[in-house]
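All of these numbers come straight from a predicted model, not from anything done at the bench.
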Amino acid sequence: MDMNKFEMDELLRARMRDASAHVPDGVWERIAAQREGRRHLPFGWAGFSVLVLVTAIFSVWATVSSPLQIQSPPLHDNSNALQDQAVANPSAPASTSEILSHSASDDASIEKVNASPASPSFDGSNAANPAKNISNTKRFKETSSSTAPTTVNKGSQSASESQVSLLSISGSDQAAHLTAAENTTESLFTQELQSQTQLSLLQLKSVRSMSGIAMDSWSPVLFSPGISKKRSSPDCYSFNTMIRGLSMDVFFSPEYAARQLVYKEPDLINYASLRKNTESYAFAYSAGLRLSAHFQGGLALRTGVVFTDIVEKLRFKDPNAEVNRIIHLAIDTVKIGNDIIIKYDTLSIVEYGTHEIVRYNNYRFYDIPLMLGYEFDAGRWIVHINTGLMVNVATARRGNMLDPTSNLVSIDSGDPDSYKAFRSKVGTSLLMSLGANYALTPKFHLLVEPQIRLWTRPVNLRDYPVDQKYRNFGLALGFRQYF
Amino acid sequence: MTEKELIEGCLRRKTHYEKALFDRFSGKMMAVCHRYASDEMDAEDILQEGFIKVFDHLHSFRHEGSLEGWIRRIIVTTALKHIRRQKITQPLNDAEDFKESAELPDAIHHMSEQELIRVIGGLPAGYRMIFNLYVIEGYRHNEIAEMLNIEEGTSRSQLVKARKWLQEKLLSISRLSVL
């Protein structure tokens with residue numbers, strides 16, 4: 001029969017269109033197993049990603065809207081120097097201005113303070129050189145014209161707010177006074193400068209005392225990211241990246257450890273079921289010590305050591321248990337003199353029956369947390385959101401489980417003959433938490449921190465037929481000590 | 001269970017809906033896999049990998065064509081990737097000159113679908129891909145060239161050779177059956 005290629009194609013296409021083939025057993029089970037293993041992961045990664053994103057957004061926001069910042073150490077030193085210099089050498093106003101201009105933050109309001117020249121009572125030189133003062137005034141005016149008017153914020157209790165208020169007072173007053181000075185006679189100008197300098201001296205004393213407070217008793221509740229949205233001048237260096245302080249957390253966290261057993265081959269579903277049926281969650285906890293470095297803007301980096309213990313209960317009824325009993329039977333009694341000698345026969349009896357075994361298995365993890373946190377204060381509370389990794393450095397186990405042949409085996413990490421199913425290190429896990437501190441004293445806080453920990457890798461070895469993974473949900477309770 | 005219910009159930013990640021979808025289409029898709037795979041194990045692997053992709057990407061099914069056609073395209077794409085991974089493609093530019101026969105192999109009418117699948121599956125890998133894509137799936141040469149990253153002319157020549165190979169094979173089967 002003749003046919004062209006198109007007819008053959010059509011014929012084959014028609015025959016193949018609805019062709020069906022036998023699907024071997026086990027394909028669906030493999031697909032289901034593979035999907036089951038992947039099913040839970042996206043939730044963890046999605047949650048982790050959201051937390052990282054939120055933390056990053058907070059960080060960026062805090063950095064962009066960083067408050068009017070005065071670092072305690074340089075301000076303290078310079079205000080000391082300034083006051084000493086003012087007292088010892090009242091005729092040295094130029095250097096006073098320089099000291100202030102480098103000690104304070106690079107904000108425009110600081111520049112206003114700097115721009116105020118010396119008091120006429122201080123000097124003869126500057127008073128005799130009004131051109132220089134006017135030049136400073138002009139410079140100030142140019143700067144202040146692009147700056148929003150600041151508000152007086154008297155009566156603020158916190159040191160940082162007080163610092164801001166002081167500078168704000170000086171800025172606004174000087175803006176008014178110096179602008180007026182530029183347009184009035186020299187005598188008026190001199191009076192204004194005198195009052196300015198007196199004000200500045202008062203401020204400097206206050207600033208010094210404030211900075212003393214800040215140095216001596218740094219409190220984490222002193223900052224607020226939203227005080228000012230002024231941008232730093234590129235002319236002055238920034239202290240944004242400097243560490244504001246350190247703290248140490250000590251915590252204990254009761255936890256719920258959700259275990260996931262995923263069989264790798266369909267044939268192993270029975271073994272996975274056997275383990276699920278014989279092992280159950282008993283309790284879990286973690287405890288640790290965490291050091292935090294607190295940065296300007298609310299960021300915190302944390303590390304430390306964390307110990308986690310997951311305890312599971314193994315309850316297994318062995319229907320074919322054998323018990324060896326040694327029985328001593330008295331078979332004869334011999335009396336020799338006053339002594340009685342009893343002769344025994346020893347029998348070994350094997351008893352068969354059902355034996356219920358109950359064990360508590362421990363899975364212990366030693367980890368180093370590497371976390372990024374963002375903190376913000378709310379009165380006596382500090383709320384923080386944290387995310388990061390837990391790097392496992394060691395694991396240990398104790399207990400028993402059933403192996404794939406349903407035999408009870410030891411999983412003790414210290415036992416050389418134990419069943420080799422588990423890793424000595426399980427890599428990294430993801431940790432997310434949302435915590436709150438309550439300030440009992442400025443340096444001592446109570447800590448409450450709900451947290452979720454997701455293991456990215458199973459705790460078992462690769463060739464073990466069932467993947468054993470955990471997700472822990474805990475509530476860390478403890479305290480935080482600031483240094 | 002309607003197709004829409006199946007899809008919605010799968011999107012809600014209900015295992016029994018996923019199983020129902022697998023049961024409904026796995027037979028036909030296994031036939032597709034056999035046409036591309038070199039052996040039974042490969043066919044199973046392609047089917048498994050393909051259905052996992054189907055479940056993973058079911059949300060992107062737009063109901064514009066049939067679900068079966070959509071699944072078939074995923075299985076075919078998976079098969080091509082699988083073959084590429086195994087690097088079992090034949091050298092495609094063969095200098096041998098094939099002349100197509102106009103003779104109809106009788107066997108094509110008498111053979112069962114399974115036997116035909118087996119014959120097509122017996123084609124050398126390079127021929128097999130192009131023959132399947134062009135003749136059975138209905139792709140054009142330019143599409144095949146793009147999919148396999150080859151010249152369009154190569155696709156044409158490989159198809160001619162595949163047809164020739166297949167005709168000879170079917171003819172030999174026809175002769176054997178007559179004897």
Side-chain angles (χ1 to χ4, degrees), chain A residues 1-47 49 258 260-270 272-273 276 454 458 465-467 469 471, chain B residues 13 15 18-19 21-23 25-35 40-41 43-52 54-56 68 72 100-106 108-109 111-121 131-132 134-138 159-160 163-164 166-167 170 174:
Chain A
M1 185 189 291
D2 284 354
M3 69 181 298
N4 63 37
K5 60 187 177 185
F6 301 110
E7 285 172 316
M8 182 177 153
D9 288 356
E10 278 301 318
L11 196 54
L12 279 170
R13 192 176 298 146
R15 296 289 303 274
M16 289 295 101
R17 189 169 295 144
D18 293 322
S20 184
H22 168 71
V23 180
D25 295 337
V27 176
W28 167 249
E29 282 74 14
R30 283 203 298 274
I31 292 171
Q34 202 167 336
R35 283 181 61 71
E36 181 66 23
R38 294 161 54 174
R39 189 158 290 187
H40 302 287
L41 199 58
F43 169 76
W45 281 107
S49 306
Q260 186 187 6
L261 289 175
V262 180
Y263 50 93
K264 294 177 181 171
E265 296 291 336
D267 304 343
L268 296 162
I269 188 168
N270 292 334
S273 300
K276 278 180 183 170
L454 307 170
V466 175
D467 274 346
K469 272 186 170 183
R471 282 173 291 165
Chain B
R13 295 188 161 235
T15 308
E18 292 177 345
K19 174 82 164 64
L21 186 137
F22 178 82
D23 288 343
F25 296 109
S26 59
K28 284 185 178 179
M29 297 309 137
M30 192 65 188
V32 175
C33 295
H34 275 303
R35 282 195 279 110
E40 179 78 21
M41 290 294 286
E44 277 185 40
D45 287 347
I46 293 166
L47 187 73
Q48 182 180 332
E49 197 180 326
F51 263 97
I52 285 170
V54 165
F55 291 127
D56 284 349
E68 185 186 324
R72 185 186 291 264
E100 286 182 72
S101 166
E103 195 177 355
L104 172 69
D106 275 341
I108 205 166
H109 294 289
M111 289 169 76
S112 70
E113 288 166 353
Q114 301 307 318
E115 288 167 330
L116 275 175
I117 288 170
R118 211 171 297 134
V119 172
I120 294 170
F131 182 83
N132 273 315
Y134 186 88
V135 175
I136 314 292
E137 317 301 347
L159 180 65
V160 171
R163 279 205 189 103
K164 171 75 179 170
L166 202 62
Q167 276 179 320
L170 291 170
S174 298

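- The two atoms that bring P24(A) and E44(B) nearest to each other are CG-OE2, 3.1 Å, heavy atoms only.
- Proximity to chain A (any heavy atom under 4.5 Å) is shown, for E49(B), by neither the backbone nor the side chain.
- Classification of the W28(A)-F55(B) ring pair by plane angle, with boundaries at 30° and 60°, yields perpendicular.
- For E10(A) and R13(A), the salt-bridge test passes: some basic side-chain N is under 4.0 Å from an acidic carboxylate O.
- Here CG of L159(B) is found 14.0 Å from NZ of K164(B). Values are rounded to the nearest 0.5 Å.
- Ranked by heavy-atom pairs under 4.5 Å with chain A, the list Q48(B), E137(B), H34(B) is led by Q48(B).
- Both the backbone and the side chain of Y134(B) come within contact range of chain A, judged by heavy atoms closer than 4.5 Å.
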